[in-house]
A.B. asks: 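Take this structure first; my questions come after.
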Amino acid sequence: SIYRRPLFSSLISVLSDSVLDGVNAPEFIANSTPAKLAQLLSTKKDYNFKYLKPLYEPDNADKALILFPYAGGSAEAYAVFTNVFQKKCKDFSLFFIDFLRTKEDCFSAAKEIEELSQNTDIYFYSHCAGSAVAMQILNCIEENGICNIQHYIAGASIPLKKVPKKNTWNYVPDFILKKALSNAGAQFNKTDKKRLSIILQDFRKDTDFMTSYFYNKNKKAIKCPVSLIMSKDDIFTKEYKNAKKLWAPYVENIANIRFIETDSHYFQSADSEKLIDIICDLLK
């Protein structure tokens, strides 16, 4: 469920089997049935990437969609998404990048994307706070002429009218933060206290990076086409009527603004099929 990261230690015994050599945890999460694991192993390509983690690689795919998680999120956030995407977008590979927290890591990730782009058209999709990571990588790519990104889609994200200098989530007690995320659609009913504490701690670290990125706006606006997907019922995107204006300082070209009918902020899981239909239409 949403915001419940997998217990990776419980996967060690499975992934240590020699038959599954080279299968990482994100790939296992997205391809956990025997049939999908068999397909993954038969089509898996030999990459030596630290940041880019493959989730789905169809034969002869010449396009790749790179996914960026929300604050506190992991590859599990895209498990349902990946299963639906495989059925609808058979000519795209799927890759995932963890929530990075330094410019140096973002630059290193950009260099891996450069390698992938040699034979593949690259597209980005980020969810919520993941927009900061996607945009920092895009800044690295465009400012250094690393490669060409075809299209960036930002889901469930609108920059604030006035970005605070310090991350305000660091001053909110755990019980209030938990309530805010629950009201947005996060599910914590099966999460124990220790695990919940780790999730909230990761959320704050990730939003630290997001706050820093949007506050320190001393970089050129992103040039590649940018599309926005949001819900009018999302408590974190209440400024949807002003979305284009609020994004204008950060990007040059808002190509599309699309609305998804859902009451969950986490629609990449809760309404994957609706979201993927919109993405596929945008990437035609």
Side-chain angles (χ1 to χ4, degrees), residues 2-3 26 30 55-56 63-85 88-89 92 94-100 122-138 149-160 181 183-187 203 206-207 209-210 213-214 222 224-244 246-248 250-251 253-284:
I2 296 167
Y3 263 107
L55 297 179
Y56 167 59
K63 293 177 282 189
L65 180 63
I66 299 175
L67 305 173
F68 298 84
Y70 48 76
S74 68
E76 184 185 21
Y78 286 109
V80 177
F81 180 100
T82 301
N83 289 332
V84 177
F85 192 89
K88 291 181 173 284
C89 302
F92 272 83
L94 269 184
F95 288 82
F96 173 82
I97 292 181
D98 280 313
F99 205 111
L100 306 180
I122 308 296
Y123 303 78
F124 282 8
Y125 174 81
S126 68
H127 203 82
C128 191
S131 61
V133 180
M135 292 166 71
Q136 181 64 67
I137 291 175
L138 277 166
I149 303 301
Q150 303 296 319
H151 202 127
Y152 167 41
I153 301 173
S157 179
I158 302 176
L160 296 174
L181 298 178
N183 288 341
Q187 301 171 19
F203 178 92
D206 293 344
T207 51
F209 181 84
M210 177 193 71
Y213 177 83
F214 284 106
I222 288 165
C224 84
V226 177
S227 291
L228 311 177
I229 302 176
M230 62 195 75
S231 167
K232 295 180 181 179
D233 297 319
D234 183 351
I235 64 173
F236 290 135
T237 53
K238 290 182 177 180
E239 289 286 337
Y240 63 86
K241 291 182 180 179
N242 297 318
K244 189 170 185 178
L246 293 172
W247 272 95
Y250 305 96
V251 301
N253 178 15
I254 297 291
N256 299 276
I257 298 178
R258 297 288 183 88
F259 294 100
I260 181 171
E261 294 185 9
T262 177
D263 60 359
S264 176
H265 173 70
Y266 304 100
F267 51 74
Q268 92 299 328
S269 289
D271 290 280
S272 289
E273 189 156 353
K274 291 180 183 178
L275 173 61
I276 290 167
D277 284 342
I278 296 173
I279 290 175
C280 290
D281 185 55
L282 290 172
L283 301 187
K284 284 181 180 177

A.B. asks: Where the side chain of D271 meets the backbone of T262, is there a donor-acceptor pair that is under 3.5 Å apart?
C.D. replies: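 A pair under 3.5 Å: no.
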
A.B. asks: For K274, give me all partners under side chain to side chain donor-acceptor pair (under 3.5 Å), at least two apart in sequence or on another chain.
C.D. replies: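 Applying side chain to side chain donor-acceptor pair (under 3.5 Å) to K274 gives none.
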
A.B. asks: Quick one: ring-ring contact (aromatic ring centres under 6.0 Å, His included) partners of F209, sequence neighbours excluded?
C.D. replies: none

A.B. asks: Could you walk me through whether F92 and L283 pass the side chain to side chain contact (heavy atoms under 4.5 Å, CB included) check?
C.D. replies: CA-CA 10 Å; F92 272 83; L283 301 187; 3.8 Å; yes

A.B. asks: Please name all residues satisfying side chain to side chain contact (heavy atoms under 4.5 Å, CB included) with A255, sequence neighbours left out, ordered by chain then number.
C.D. replies: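 Expected list: H151, P225, S227, N253.
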
A.B. asks: Please walk me through it: do H265 and Y70 pass ring-ring contact (aromatic ring centres under 6.0 Å, His included)?
C.D. replies: CA-CA 10 Å; H265 173 70; Y70 48 76; 7.4 Å; no

A.B. asks: Considering residues at least two apart in sequence or located in another chain, which fulfil the side chain to side chain contact (heavy atoms under 4.5 Å, CB included) criterion with D233?
C.D. replies: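 Expected list: S231, D263.
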
A.B. asks: Start with the C-alpha gap between L282 and I229, add the side-chain angles, then the distance that decides, and say whether side chain to side chain contact (heavy atoms under 4.5 Å, CB included) holds.
C.D. replies: CA-CA 10 Å; L282 290 172; I229 302 176; 4.0 Å; yes

A.B. asks: Please tell me if the side chains of L138 and F124 come closer than 4.5 Å, counting only heavy atoms from C-beta onward.
C.D. replies: yes

A.B. asks: Quick one: list whatever passes side chain to side chain donor-acceptor pair (under 3.5 Å) with Y213, sequence neighbours left out.
C.D. replies: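 Residues passing side chain to side chain donor-acceptor pair (under 3.5 Å) with Y213: N139.
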
A.B. asks: Looking at F68, F96, F267, F236, which one forms a ring pair (Phe, Tyr, Trp, His ring centres under 6.0 Å) with H127?
C.D. replies: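 Filter result, single survivor: F267.
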
A.B. asks: Would you name the heavy atoms of I276 and C89 that are closest together and state the gap between them?
C.D. replies: CG2-SG, 4.2 Å

A.B. asks: Where the side chain of S269 meets the backbone of A77, is there a donor-acceptor pair that is under 3.5 Å apart?
C.D. replies: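 Present.
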
A.B. asks: Heavy-atom count around K238 NZ within 6.0 Å, excluding the residue itself: above 12?
C.D. replies: no

A.B. asks: Heavy atoms, side chains only, cut-off 4.5 Å: are Y78 and L94 in contact?
C.D. replies: no

A.B. asks: Among all residues two or more places apart in sequence or in another chain, which pass the side chain to side chain donor-acceptor pair (under 3.5 Å) test with Q150?
C.D. replies: none

A.B. asks: Is D98 close to P69 at the side-chain level, that is, under 4.5 Å between some pair of heavy atoms?
C.D. replies: no

A.B. asks: So do K88 and D277 actually touch side chain to side chain, heavy atoms under 4.5 Å?
C.D. replies: yes

A.B. asks: According to side chain to side chain contact (heavy atoms under 4.5 Å, CB included), who are the partners of T237, at least two apart in sequence or on a separate chain?
C.D. replies: I158, M230, D234

A.B. asks: Would you call the rings of F85 and F81 parallel, tilted or perpendicular, taking 30° and 60° as the class edges?
C.D. replies: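 Correct class here is parallel.
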
A.B. asks: Can you list everything that forms a disulfide (SG to SG under 2.5 Å) with C224? Sequence neighbours excluded, please.
C.D. replies: none

A.B. asks: Between Y56 and F95, does the ring centre distance come in under 6.0 Å?
C.D. replies: no

A.B. asks: For the residue pair Y123 and I279, establish whether any side-chain heavy-atom pair is separated by less than 4.5 Å.
C.D. replies: no

A.B. asks: With sequence neighbours left out, write down each residue that passes ring-ring contact (aromatic ring centres under 6.0 Å, His included) with F214, or none if nothing qualifies.
C.D. replies: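 ring-ring contact (aromatic ring centres under 6.0 Å, His included) list for F214, sorted by chain: Y250.
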
A.B. asks: ring-ring contact (aromatic ring centres under 6.0 Å, His included) with Y152: which residues, sequence neighbours excluded?
C.D. replies: none

A.B. asks: Quick one: do K232 and E261 make a salt bridge, cutoff under 4.0 Å?
C.D. replies: no

A.B. asks: May I ask you to test the I97-I66 pair for a side-chain heavy-atom distance under 4.5 Å?
C.D. replies: yes

A.B. asks: Look at the side chain of S157 and the backbone N and O of A154, then say whether any donor-acceptor pair between them is shorter than 3.5 Å.
C.D. replies: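 Checking the backbone N and O of A154 against the side chain of S157, no donor-acceptor pair under 3.5 Å is found.
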
A.B. asks: What's the spacing between M135 CE and S126 OG if we round to 0.5 Å?
C.D. replies: 8.5 Å

A.B. asks: Quick one: side chain to side chain donor-acceptor pair (under 3.5 Å) partners of N183, sequence neighbours excluded?
C.D. replies: none

A.B. asks: Kindly indicate whether the side chain of I153, heavy atoms from C-beta on, has any atom under 4.5 Å from the side chain of I278.
C.D. replies: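 No, side chains not in contact.
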
A.B. asks: Can you name the salt bridge (charged side-chain N to carboxylate O under 4.0 Å, His left out) partners of K244, sequence neighbours left out?
C.D. replies: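 K244 satisfies salt bridge (charged side-chain N to carboxylate O under 4.0 Å, His left out) with no other residue.
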
